[in-house]
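This report refers to the structure that appears directly beneath it.
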Amino acid sequence: MKEYSCGSLRGSDEGKRLTVSGWVHAIRDHGNTYFIDLRDWEGLIQIVTKRDEINEDLNERIRAINRESVIEITGMVKKRPEGTENKKMPTGEVEVEIEELKILNSAQPLPYHFKDMHKASIPIRLKYRYLDLRHPKLQENIKTRARITSETRKFLDSQGFFEIETPMLTKSTPEGARDYLVPSRVHKGKFYALPQSPQLFKQMLMVSGFEKYYQIARCFRDEDLRPERQPEFTQIDLEMSFITQEDIINVVEGLLRHLFKEIKDLDIMSPFPRMTFYEAMNRYGSDKPDTRFGLELVDITDLIPEGISIFKEVYETNGIMSAINIKGKGDISPKAFNKWKSYVQKFKTKELANIKIIDGEAKSPLTKYLPDDVMKSIIERLDGKDGDLIVLAGGKNTNIWRGLGELRLKLASDMNLIPEGQFNFLWVVDFPSFEWSEEDKRWTAMHHPFTSCKKEFLDTFDKNPGEVLANAYDVVLNGYEIGGGSIRIHDPEVQERVFKVLGIPPEIAEQNFSFLIEAFKYGAPPHGGLAIGLDRLVMVMVDEPGIREVIAFPKTKMAVLPLGDAPNLVTDEQLDVLGIELKPEVKLMLEKKKENPNN
RNA sequence: GGAGCAUUGGUCUAGUUGGUCUAGGAUGGGUGACUGUCGAUCACCAGGUCAGGGGUUCAAAUCCCCUAUGCUCCGCCA
């Protein structure tokens with residue numbers, strides 16, 4: 001074990017003869033004088049030697065050292081000569097003069113320029129992840145992550161929670177994401193599924209009487225990836241019995257306050273602001289609003305007179321008309337505006353209109369269609385002033401929210417409106433229970449099928465599923481959904497009615513969730529919980545743009561692990577034991593790849 | 001599943017409308033010089049089937065098509 005670390009040496013260590021070891025960060029050869037910056041995970045120390053003062057053999061060995069080699073130096077800590085201290089380094093007052101040197105591992109020339117790691121391409125960084133992880137920033141991220149999980153355990157333990165593990169080899173269920181499957185050798189033809197979340201098991205633990213459970217749980221989803229999405233990710237998963245939504249909110253706010261205090265020494269305002277789902281959508285066009293900046297959506301549906309042909313879609317879909325005032329952008333060029341137009345079209349907002357306020361006058365293609373007083377009241381509601389630009393869109397509410405919501409985010413980042421170092425938490429509550437799936441032509445659960453609805457809908461939720469509000473809540477930080485949960489159903493009858501609404505036939509429900517429904521028949525407490533996406537939380541806390549930067553060994557977009565070269569082929573024998581054979585076309589494809597890996 | 005962008009020495013990149021590219025620079029590597037630097041500096045040297053395949057052309061890093069890989073976005077992610 002090391003007695004001293006490179007990064008910890010200070011002026012007060014002057015005169016000590018000691019041994020330090022680490023990686024050769026940089027080498028500066030001045031002929032007679034030779035410097036090495038030696039790095040370990042606490043920082044850098046300058047090592048110095050003078051050719052005249054040491055024997056030729058040591059000299060040769062020092063000069064043969066490569067960057068990133070691991071060496072051990074024994075020597076005297078000395079104050080640097082006056083005028084040569086480096087104030088930028090915490091260890092800059094001192095240096096170690098070499099007496100002995102051991103090369104513990106000599107490094108080859110590096111595959112990429114790792115002091116500028118962010119310039120290297122992601123594939124190369126992932127291939128040499130162990131080098132990448134040597135960077136102080138990445139080391140800091142991973143260490144912060146460890147401190148966050150540690151503090152999470154400390155806090156939840158102190159609140160009377162117990163950490164309980166649940167199985168990784170479980171059963172595939174039809175709802176939700178695609179499962180990762182694991183073939184069973186003992187039961188040929190059968191498969192385990194890796195858990196998408198410990199949902200069912202934690203509910204079972206509630207039935208078992210563990211009234212406060214948590215777990216830092218790995219979850220798996222076989223879906224296409226995004227910068228903030230990995231095929232395996234980690235949740236801080238918790239569940240409690242005999243509680244209300246308020247109890248969960250209190251615990252989670254307490255946890256997040258604790259984490260920000262311990263990790264970042266920040267006092268978060270509490271209680272967090274709350275917003276209903278509807279308000280979030282209407283004001284921010286998102287169920288995870290970023291409230292660090294304005295550019296809010298303003299509903300102007302009621303101002304639009306009926307029967308105007310260009311707003312046909314608003315009436316037909318019982319939709320909305322919404323607008324954003326973009327201050328001071330009245331001089332936007334048609335070309336720039338068209339870019340916005342095509343941007344919102346990606347999100348099914350078909351048309352984007354504008355009103356420019358120039359010299360107190362509204363200039364807009366809409367003047368042809370809208371009476372003057374309507375135009376005036378729109379401007380008034382949006383507080384339009386000289387030089388402003390108001391953008392408007394109308395149509396099916398979900399499309400308009402999405403389009404304007406995404407435009408809002410794009411504008412904020414383009415216009416640099418997002419303040420740094422600010423952490424805006426909020427709760428989004430009163431989510432709808434169900435949403436209609438055009439694709440499947442059926443109702444689907446917005447949160448998950450075990451979510452209870454607000455009691456005023458309990459008797460009638462089967463009749464108007466679209467209007468039912470759930471006991472579901474999300475905690476949002478700076479526009480990221482960092483956690484979500486709900487109060488669960490604990491009545492088997494209600495659960496069966498929900499399955500019915502979701503169009504899950506009794507026999508399928510029986511087949512997939514029978515153990516849960518059965519469990520509910522033997523004394524199930526009211527319960528609920530929440531899961532925090534650990535990767536995203538850490539990402540926001542260390543201010544990184546993607547969760548790759550907070551995971552030691554992340555996968556690429558194609559779910560490939562470049563370092564471990566996974567996934568990979570297995571032998572025919574391995575497959576045989578499992579009773580599995582590849583399809584002929586798959587075999588053919590693999591053969592072709594083998595012959596020509598570039599094709 | 002769909003769309004867009006990208007792929008040039010180890011790495012990061014320049015490369016206009018096809019010819020002046022025998023592909024430029026930086027960094028990394030090697031050799032040498034230098035008494036204090038701190039991403040040291042200076043000089044010299046080596047290093048490239050321009051992702052793979054096909055096509056257009058007198059002529060392709062450059063234009064077209066296919067494939068692979070990567071990234072971004074849509075779909076998907078209860």
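Throughout, a chain's letter reflects where its sequence line sits, starting with A, and its residues are numbered from 1. What's counted below: heavy atoms across the whole structure, side chains too, no hydrogens, waters or symmetry copies. Note that this is a predicted model, so its numbers are computed, not measured.
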> So, Gln203(A) versus Gln199(A): side-chain donor-acceptor pair below 3.5 Å or not?
Replying inline: yes
> Does a donor on one side chain sit under 3.5 Å from an acceptor on the other, for Tyr112(A) and Asp132(A)?
Replying inline: yes
> Contact class for Arg178(A) (heavy atom, under 4.0 Å): base, sugar-phosphate, or nothing?
Replying inline: nothing
> Which value, in whole Å, describes the distance between the P atoms of nucleotides G9(B) and G48(B)?
Replying inline: 10 Å
>> Under 3.5 Å for both donor-acceptor distances, Watson-Crick or wobble: does C42(B) have a partner, and if so which one?
In response: G32(B)
>> Could you tell me if Gln230(A) and Asp535(A) have a donor-acceptor pair between their side chains, going purely by distance under 3.5 Å?
In response: no
> Under 6.0 Å from the six-membered ring centre of Tyr284(A) and within 45° of its axis: does the NZ or CZ of Arg408(A) meet both?
Replying inline: no
> Are the ring of His30(A) and the base ring of A40(B) both nearer than 5.5 Å at their centres and tilted by less than 30°?
Replying inline: yes
>> Checking base pairs now: Watson-Crick or wobble, both atom distances under 3.5 Å. What partners G70(B)?
In response: C5(B)
>> Nearest to the Asp29(A) side chain among C38(B), C34(B), C12(B), which nucleotide is it?
In response: C34(B)
> What class does the angle between the rings of Phe450(A) and His448(A) fall in, given that below 30° is parallel, 30 to 60° is tilted and above 60° is perpendicular?
Replying inline: tilted
>> Does the structure show Phe35(A) stacking with U37(B), if we require the centres to be closer than 5.5 Å and the planes to be within less than 30 degrees of parallel?
In response: yes
>> Suppose you measure atom P in G4(B) against the same atom in U67(B); what distance do you get, rounded to whole Å?
In response: 13 Å
> For Lys346(A), which contact category applies under a 4.0 Å heavy-atom criterion: base, sugar-phosphate, or nothing?
Replying inline: sugar-phosphate
> For the side chain of Gln46(A), counting heavy atoms from C-beta on, which of G70(B), C73(B), U37(B) is nearest?
Replying inline: U37(B)
> With respect to the side chain of Asn32(A), which nucleotide from C38(B), U72(B), U35(B) is positioned closest?
Replying inline: U35(B)
>> Suppose we define a pair by two distances each less than 3.5 Å, Watson-Crick or G-U wobble; what does G19(B) pair with here?
In response: C58(B)
> Paired with U37(B) by Watson-Crick or G-U wobble geometry, both distances under 3.5 Å: which nucleotide is it?
Replying inline: none
>> Using the side-chain heavy atoms of Arg402(A), tell me which of these nucleotides is nearest: U37(B), U11(B), G75(B).
In response: G75(B)
> Looking at A40(B), G70(B), C77(B), which one has an atom nearest to any side-chain atom of Arg67(A)?
Replying inline: A40(B)
> With a 4.0 Å cut-off on heavy atoms, is Met446(A) in touch with a base, just the backbone sugar-phosphate, or nothing at all?
Replying inline: sugar-phosphate
> Is Arg226(A) touching bases, backbone alone, or none of the nucleic acid, heavy atoms closer than 4.0 Å?
Replying inline: base
> From G36(B), C76(B), G70(B), pick the nucleotide closest to the side chain of Glu223(A)?
Replying inline: C76(B)
